[in-house]
> 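The structure's right below; bear with me while I get my questions together.
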Number of protein chains: 2
Amino acid sequence: MLHVPAYQEELEASAGTLTDRVYRHLADRLVGGRFAPGDKLSLRAVAEALGVSIMPVREAVSRLAAEGALEVEPKKAVAVPLMRAAQFRDVTRVRIEIEGAAAAMACGADRAAIREIAAREKDFRDLSRARAPDLAAAVAANQAFHFAVYRAAGSAELLAIIERLWLRVGPVINLDLRENPQRLKLGEAMAFHAAALAAIRAGEARKAREAIAGDIRGASNFILSRGRLPE
Amino acid sequence: MLHVPAYQEELEASAGTLTDRVYRHLADRLVGGRFAPGDKLSLRAVAEALGVSIMPVREAVSRLAAEGALEVEPKKAVAVPLMRAAQFRDVTRVRIEIEGAAAAMACGADRAAIREIAAREKDFRDLSRARAPDLAAAVAANQAFHFAVYRAAGSAELLAIIERLWLRVGPVINLDLRENPQRLKLGEAMAFHAAALAAIRAGEARKAREAIAGDIRGASNFILSRGRLPE
DNA sequence: TGCCGATATCTGTGATCACAGTTAGCATGG
DNA sequence: CCATGCTAACTGTGATCACAGATATCGGCA
């Protein structure tokens with residue numbers, strides 16, 4: 001195995017097999033919007049960049065392909081799937097249904113979970129209000145808030161399903177958000193987050209569902225309006 | 001590559017890479033309840049049985065592990081995950097939410113889709129009423145009916161999520177159903193299926209949701225009552 | 001200048017080998 | 001007869017090699 005200092009820390013820090021680490025590395029970049037739809041990866045290139053052989057990369061990519069986060073056609077380069085507008089509307093509808101349900105379930109959460117949600121809400125709010133927002137950090141904070149809510153729902157199954165959904169929409173959503181400070185400055189997301197937190201605190205399941213649904217719908221409409229999705 | 005006649009037909013019939021075929025082979029057996037929770041597989045044994053090298057098996061198993069359908073701990077045999085009762089209640093709750101939503105969405109389906117649902121409903125009804133029911137066939141027919149409904153919902157995303165859920169619950173549910181003619185003879189599932197079909201025909205989303213929810217809940221309660229789930 | 005085709009380099013797929021950790025069976029001692 | 005410890009056969013993991021299909025680049029021709 002080659003030694004590539006840049007990745008040493010990351011790969012050695014995390015636990016598990018090499019396959020697991022490569023998987024997490026790619027998954028993080030996918031949900032964080034560090035890859036654009038249509039981007040191509042090479043097993044050998046990823047392997048070399050991470051200082052491992054192509055075997056762990058193959059298995060990690062295989063897993064991500066099974067989850068629809070990557071597309072692998074025989075003998076062709078692995079690619080981040082392109083998402084057509086119709087497809088994007090479909091996932092958005094499903095996300096509203098499922099993540100909305102999780103938000104509703106989060107209303108029964110205990111104090112610690114609610115404190116965690118509140119903390120993540122504040123992080124995102126602070127980042128949104130900054131004069132020159134750090135967009136990468138905002139994307140991460142947005143994710144942290146949402147998953148604090150979903151974790152509070154107390155369903156490991158639902159959480160796994162939502163993680164899979166984010167893996168698929170990450171490249172589409174976060175890429176655009178990363179490049180466009182406008183929407184963040186508008187504060188729409190901030191308002192929905194605050195509403196969700198308030199609803200969860202008050203135990204009002206319907207309002208929590210609607211707040212998260214509104215947040216998802218808002219981001220989705222923004223992406224669709226930018227019109228960079230094919231078809 | 002070895003030639004194992006028993007599997008030749010199946011493997012040559014299906015398309016795609018060897019990995020895809022092995023994946024489908026294992027996935028089918030998983031949702032069909034041909035594996036019991038706790039069963040152990042050996043990469044080499046599966047490879048030999050299917051007449052391929054262990055490489056395609058590795059990738060297929062890797063994908064199934066990513067979906068939670070198989071459990072693979074480093075250096076230990078690959079296993080069908082054991083499901084604790086609490087976990088099973090969790091997936092059941094999630095299934096009711098998600099598959100119920102799909103059933104509701106199926107109410108807008110076109111005539112061809114509804115005809116398909118009706119045909120699958122009839123298949124299952126005939127099998128249920130048989131004097132000596134073919135349980136394996138009944139399990140397959142039940143699956144065919146449910147997926148006809150879910151396909152009619154018209155959401156590829158939702159369908160993929162549901163397939164993943166069935167991959168996880170298949171070993172728990174279908175294994176028991178395969179061994180117990182009693183529940184089938186009771187006709188509870190048959191009644192729920194009929195109710196779902198009628199509701200979808202009438203475009204009554206709420207009733208469709210409740211029928212599918214009832215079916216899922218009924219099967220789940222049966223499994224839980226048999227008390228073979230740990231903890 | 002623009003199009004087209006041959007080739008060199010890239011891609012993932014599959015097989016095989018080496019290795020270290022796990023497991024189960026068998027022999028040995030109580 | 002049972003418990004215990006050792007060993008041998010098993011497990012998945014990772015690396016490397018061979019191969020066939022896709023792709024892009026560069027040269028030649030119209």
Side-chain angles (χ1 to χ4, degrees), chain A residues 1-4 7-8 10-12 14-26 30 35 37-82, chain B residues 1-4 7-8 10-12 14-26 30 35 37-82:
Chain A
M1 186 195 305
L2 294 173
H3 277 256
V4 178
Y7 287 101
Q8 280 299 311
E10 174 187 346
L11 285 175
E12 284 177 3
S14 45
T17 64
L18 284 184
T19 296
D20 290 336
R21 301 178 200 180
V22 175
Y23 175 86
R24 217 158 312 161
H25 171 85
L26 293 175
L30 245 6
F35 290 123
D39 275 4
K40 287 176 184 172
L41 312 194
S42 148
L43 297 187
R44 287 171 178 87
V46 173
E48 195 179 354
L50 267 53
V52 300
S53 90
I54 89 171
M55 278 298 318
V57 180
R58 276 172 76 166
E59 296 216 341
V61 165
S62 197
R63 278 154 68 158
L64 289 164
E67 298 179 292
L70 288 177
E71 218 167 32
V72 30
E73 289 180 75
K75 313 278 176 163
K76 298 216 282 188
V78 174
V80 179
L82 289 173
Chain B
M1 185 194 303
L2 294 172
H3 278 254
V4 178
Y7 288 102
Q8 280 299 311
E10 174 187 345
L11 285 175
E12 284 178 4
S14 45
T17 63
L18 284 184
T19 297
D20 290 336
R21 302 179 199 180
V22 174
Y23 175 86
R24 216 157 314 161
H25 172 84
L26 293 175
L30 244 6
F35 290 123
D39 275 3
K40 288 177 185 171
L41 311 195
S42 149
L43 296 187
R44 287 170 178 86
V46 173
E48 195 178 356
L50 265 54
V52 300
S53 91
I54 88 170
M55 278 298 318
V57 180
R58 274 173 77 167
E59 297 216 340
V61 164
S62 197
R63 279 152 69 156
L64 289 164
E67 299 180 288
L70 288 177
E71 219 168 32
V72 31
E73 288 181 77
K75 315 275 175 162
K76 299 216 281 190
V78 174
V80 179
L82 289 174

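Scope of the values below: all heavy atoms of this structure, side chains included, with no hydrogens, waters or symmetry mates. Just so it is clear: chains get the letters A, B, ... in the order the sequence lines come, proteins before strands, and each one is counted from 1.
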> In whole angstrom, what separates B:E59's CD from D:dT13's P?
12 Å
> Are OP1 or OP2 of D:dG14 and a side-chain N or O of A:S53 less than 4.0 angstrom apart?
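Answer no for this pair, as no side-chain N or O of A:S53 is under 4.0 Å from OP1 or OP2.
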> Could you pull out all donor-acceptor pairs under 3.5 Å where a side-chain atom in residues 61-76 of chain B meets a protein atom, sequence neighbours excluded?
residue : atom : partner : partner atom : Å
B:R63   : NH1  : B:D20   : OD1          : 3.3
B:R63   : NH2  : B:D20   : OD1          : 3.4
B:E67   : OE1  : B:Y23   : OH           : 2.5

> Rounding to an integer number of Å, can you tell me how far A:E71 CD sits from C:dG12 P?
14 Å
> Could you state the CD-C1' distance from A:E73 to C:dT11, rounded to the nearest angstrom?
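Computing the A:E73:CD to C:dT11:C1' distance gives 12 Å.
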> For A:V80 and A:F35, work out which heavy atoms get closest and say how close.
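In terms of heavy atoms, the two residues are closest at CG2-CB, 3.8 Å.
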> Starting at atom CG of A:L50, determine the distance to atom C1' of D:dA15, rounded to an integer number of angstrom.
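Checked: the CG to C1' distance equals 16 Å.
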> Return whichever of A:P74 or A:T19 has its heavy-atom-nearest nucleotide of DNA chain D closer to the 5' end.
A:T19
> Could you state the atom-to-atom distance from CG of B:L18 to P of C:dT16 in whole Å?
13 Å
> What's the CG-P distance between A:L70 and C:dT11, to the nearest Å?
15 Å
> From CD1 of A:I54 over to P of D:dA15, roughly how many Å is that when rounded to an integer?
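For the pair A:I54 CD1 and D:dA15 P, the rounded distance is 10 Å.
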> Which part of the nucleic acid does A:V72 contact within heavy-atom distance under 4.0 Å: base, sugar-phosphate only, or nothing?
sugar-phosphate
> Ignoring hydrogens and angles, answer whether the base of C:dG14 and the side-chain atoms of A:R58 contain a donor-acceptor pair closer than 3.5 Å.
yes
> Please name the pair of heavy atoms, one in A:P56 and one in A:T19, separated by the smallest distance, quoted to 0.1 Å.
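So the minimum-distance heavy-atom pair works out to CA-OG1, 3.5 Å.
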> Testing B:V78, B:I54, B:V57 one by one against B:V46 for a side-chain contact (heavy atoms from CB on, under 4.5 Å), which residue passes?
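By the side-chain contact (heavy atoms from CB on, under 4.5 Å) criterion, B:V46 pairs with just one of B:V78, B:I54, B:V57: B:V57.
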> May I have the distance from A:K75 (atom NZ) to D:dA24 (atom C1'), rounded to whole angstrom?
18 Å
> Here's a test of your reading of the structure: between B:M55 and B:L43, which maps to the more 5' nucleotide of DNA chain D?
B:L43
> Less than 4.5 Å apart, side chain to side chain, heavy atoms only: is that true for A:R58 and B:R58?
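The answer is no; the side chains never approach within 4.5 Å.
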> Check if the side chain of B:R44 and the base of D:dG12 share a donor-acceptor pair of N or O atoms closer than 3.5 Å.
yes
> Check every strand shown and say whether A:V78 touches a base, only sugar-phosphate, or nothing at a heavy-atom separation below 4.0 Å.
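Touches sugar-phosphate only.
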> Let me know, please, whether B:K76 or B:D20 comes out on the 5' side of the other along DNA chain C by nearest nucleotide.
B:D20
